[in-house]
Number of protein chains: 2
Amino acid sequence: MVELDSIDTVILELLLEDARRSFRDIAEEVELSPPTVSNRVDRLRDLGIIQRFTVELDRTKFANEDECLVTIDTHPDHANDVFSQLQEIDGIEHAFYTVDSTVVAKAVLPPSDVQALFADVLSSEQVSDYHVVSVLESSWKPQFGTTGLNIECSICGNSISGDGETVKVESGDLYHVCCSSCAKEISAQYESFRQAADE
Amino acid sequence: MVELDSIDTVILELLLEDARRSFRDIAEEVELSPPTVSNRVDRLRDLGIIQRFTVELDRTKFANEDECLVTIDTHPDHANDVFSQLQEIDGIEHAFYTVDSTVVAKAVLPPSDVQALFADVLSSEQVSDYHVVSVLESSWKPQFGTTGLNIECSICGNSISGDGETVKVESGDLYHVCCSSCAKEISAQYESFRQAADE
DNA sequence: GATGAAATTAGTTCAAG
DNA sequence: CTTGAACTAATTTCATC
């Protein structure tokens with residue numbers, strides 16, 4: 001498990017939202033300089049956390065393609081195979097593989113094509129049952145989980161919802177807090193700490 | 001269904017590969033000017049074909065994230081409400097709303113949190129049943145399908161795999177071909193066409 | 001629609017802390 | 001690991017075709 005600090009987290013969130021956002025813009029958000037942001041992004045790529053910058057397309061807009069959702073009950077021994085095989089299929093956009101050996105995929109293909117494809121690709125050894133249903137609407141909001149990457153307010157310990165605030169104290173350290181009153185608080189705490197050190 | 005010409009298609013492919021590629025670079029590939037590429041990308045965004053520039057992350061690298069998949073059987077009259085409400089929830093990454101009034105969502109949250117959330121948000125009027133299951137693996141494959149977007153070689157009609165080549169004849173028209181021999185061929189054809197026209 | 005030239009804005013390199 | 005300054009590169013605007 002790679003160590004990411006809260007700044008990396010913010011950078012990733014900003015890039016998830018808009019991968020063409022300028023490093024200057026990101027730098028302002030995290031209160032660092034553009035070269036530093038650039039260095040951190042390079043590091044995130046080197047670490048393999050950022051796999052690539054890409055573009056999310058709405059394929060239903062240009063293909064006269066339908067979307068459908070496929071739920072596959074696999075035999076537990078073959079669940080992983082099925083999951084891997086699905087990813088090779090052109091038109092399968094998302095696939096999820098659950099603890100109960102179900103594989104759920106969203107395909108940008110008409111249901112009939114999916115039926116045909118699956119007859120070809122999946123064997124009865126692997127799959128006990130599957131069903132295909134047309135999707136009326138789908139949404140996708142790429143994000144981090146709140147677990148493990150959650151930023152906690154440095155003052156009150158609550159998780160920071162929304163944007164929060166970032167405070168830079170005189171030492172140059174950054175603190176992420178949930179609201180303006182915690183931001184005031186941290187400045188006050190730092191000040192009293194510094195005065196104590198001076199005495 | 002939106003009309004995309006072959007240049008749009010090439011632009012989209014290049015952006016899928018690397019969304020931070022410069023417009024200059026793209027402009028060279030498609031033999032147009034940077035402002036034109038910029039205009040076309042703007043148009044693709046306006047049309048909703050490009051939904052967002054984003055970043056593909058390897059979550060396994062850092063996450064002690066739990067993901068889970070929620071399947072909700074809704075009362076048909078409330079299916080759309082449920083779908084909309086889900087999207088507001090922080091941690092819901094995908095939501096799909098199918099013709100049989102099932103809403104499937106993938107949350108980047110531990111199952112217990114999802115249970116708690118849903119108790120709050122969803123009423124028994126809306127939902128007849130739902131169940132939550134942990135996700136072991138999930139994948140996203142940002143790619144074109146072959147349906148509707150395939151580029152064919154102007155000479156031999158084969159689909160263009162890999163990069164292909166783009167040829168600009170004297171009239172200024174662009175042709176996309178699969179290989180250098182088809183590129184030669186199109187120049188030759190254009191030349192003989194022009195000579196015939198002169199006579 | 002597409003372009004080239006000018007103006008603006010962004011990214012990178014590097015010496016230094 | 002970070003920065004500011006200098007430099008290089010990319011993007012946008014706009015007049016023109």
Side-chain angles (χ1 to χ4, degrees), chain A residues 1-50 52-55 61-62 151 154 166-176 190, chain B residues 1-50 52-55 61-62 151 154 166-176 190:
Chain A
M1 168 132 167
V2 177
E3 280 308 314
L4 297 184
D5 64 18
S6 59
I7 293 171
D8 291 322
T9 308
V10 176
I11 292 173
L12 289 174
E13 280 172 350
L14 292 170
L15 289 174
L16 274 173
E17 240 172 51
D18 178 7
R20 286 189 79 96
R21 201 187 284 262
S22 74
F23 291 162
R24 285 190 141 79
D25 186 28
I26 297 170
E28 278 173 29
E29 297 279 345
V30 299
E31 305 195 38
L32 289 171
S33 67
T36 303
V37 172
S38 174
N39 291 341
R40 278 173 176 259
V41 171
D42 285 346
R43 176 174 155 268
L44 291 167
R45 299 193 77 157
D46 292 344
L47 286 170
I49 289 171
I50 293 177
R52 63 165 149 182
F53 296 97
T54 190
V55 62
K61 281 265 166 49
F62 52 78
I151 321 174
S154 309
T166 304
V167 178
K168 195 172 197 169
V169 298
E170 277 175 40
S171 67
D173 290 337
L174 281 179
Y175 292 91
H176 297 277
Y190 183 79
Chain B
M1 166 134 166
V2 177
E3 281 307 313
L4 296 185
D5 65 18
S6 57
I7 293 172
D8 290 323
T9 308
V10 175
I11 292 172
L12 290 175
E13 282 172 349
L14 292 169
L15 289 174
L16 275 171
E17 239 172 52
D18 178 7
R20 285 189 79 96
R21 199 186 288 261
S22 74
F23 291 161
R24 270 187 170 210
D25 185 28
I26 296 170
E28 278 174 28
E29 298 277 346
V30 299
E31 305 195 36
L32 289 172
S33 67
T36 303
V37 172
S38 174
N39 289 340
R40 279 175 175 256
V41 171
D42 286 347
R43 178 175 153 267
L44 291 167
R45 301 194 74 157
D46 292 343
L47 287 170
I49 290 172
I50 293 177
R52 53 148 70 85
F53 295 97
T54 189
V55 66
K61 285 266 166 47
F62 52 76
I151 323 172
S154 309
T166 304
V167 178
K168 195 174 199 167
V169 298
E170 277 174 39
S171 66
D173 290 338
L174 281 179
Y175 292 92
H176 297 278
Y190 183 78

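By convention in this document, chain letters (A, B, ...) are assigned in the order of the sequence lines, proteins followed by strands, and residues within each chain are numbered from 1.
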Roughly, in whole Å, what's the span from [atom1] in [X] to [atom2] in [N]?
X: Ile11(A); N: dG11(C); atom1: CD1; atom2: C1'; value: 15 Å
X: Leu32(A); N: dG17(C); atom1: CG; atom2: C1'; value: 16 Å
X: Arg40(A); N: dC1(D); atom1: CZ; atom2: P; value: 8 Å
X: Arg43(A); N: dC1(D); atom1: CZ; atom2: C1'; value: 11 Å
X: Glu31(A); N: dG4(D); atom1: CD; atom2: P; value: 12 Å

Subject >> Results of salt bridge (charged side-chain N to carboxylate O under 4.0 Å, His left out) for Arg52(B) - residues two or more places apart only >> reply: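 Checked Arg52(B) against salt bridge (charged side-chain N to carboxylate O under 4.0 Å, His left out); matches are Glu56(A).
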
Subject >> All salt bridge (charged side-chain N to carboxylate O under 4.0 Å, His left out) counterparts of Asp25(B), not counting sequence neighbours >> reply: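 Asp25(B) satisfies salt bridge (charged side-chain N to carboxylate O under 4.0 Å, His left out) with Arg21(B) only.
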
Any idea which heavy atoms bring [X] and [Y] closest together, and the distance?
X: Gly48(B); Y: Lys61(A); answer: O-NZ, 3.8 Å
X: Val55(A); Y: Leu16(B); answer: O-CD2, 3.4 Å
X: Val37(B); Y: Ala27(B); answer: CG2-CA, 3.6 Å

**OP:** Nearest 0.5 Å please: distance from the CD atom of Glu28(A) over to the CG atom of Leu14(A).
**Re:**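 Going from CD on Glu28(A) over to CG on Leu14(A), the span is 11.5 Å.
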
Original post:
Does OP1 or OP2 of dG1(C) have a side-chain N or O of Thr36(B) closer than 4.0 Å?
Top reply: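 No, no such contact exists.
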
**OP:** Kindly write out the residues that satisfy side chain to side chain donor-acceptor pair (under 3.5 Å) with Thr36(A), not counting sequence neighbours, or none if the list is empty.
**Re:**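 Per chain and number, Thr36(A) pairs via side chain to side chain donor-acceptor pair (under 3.5 Å) with Ser33(A).
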
**OP:** Could I get the full list of side chain to side chain donor-acceptor pair (under 3.5 Å) partners for Ser22(A), not counting sequence neighbours?
**Re:**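 For Ser22(A) there are no side chain to side chain donor-acceptor pair (under 3.5 Å) partners, ignoring immediate neighbours.
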
**OP:** Spell out protein contact along nucleotides 10-16 of chain D as letters: B when the base is contacted, S when just the sugar-phosphate is, - when no protein heavy atom is under 4.0 Å; keep the 5' to 3' order.
**Re:** SBSB---

Original post:
Quick one: bend of the helix from dG1(C)-dC17(D) to dG17(C)-dC1(D) from 5 pairs per end, to 10°?
Top reply: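 Comparing the first five pairs with the last five, the axes sit 30° apart.
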
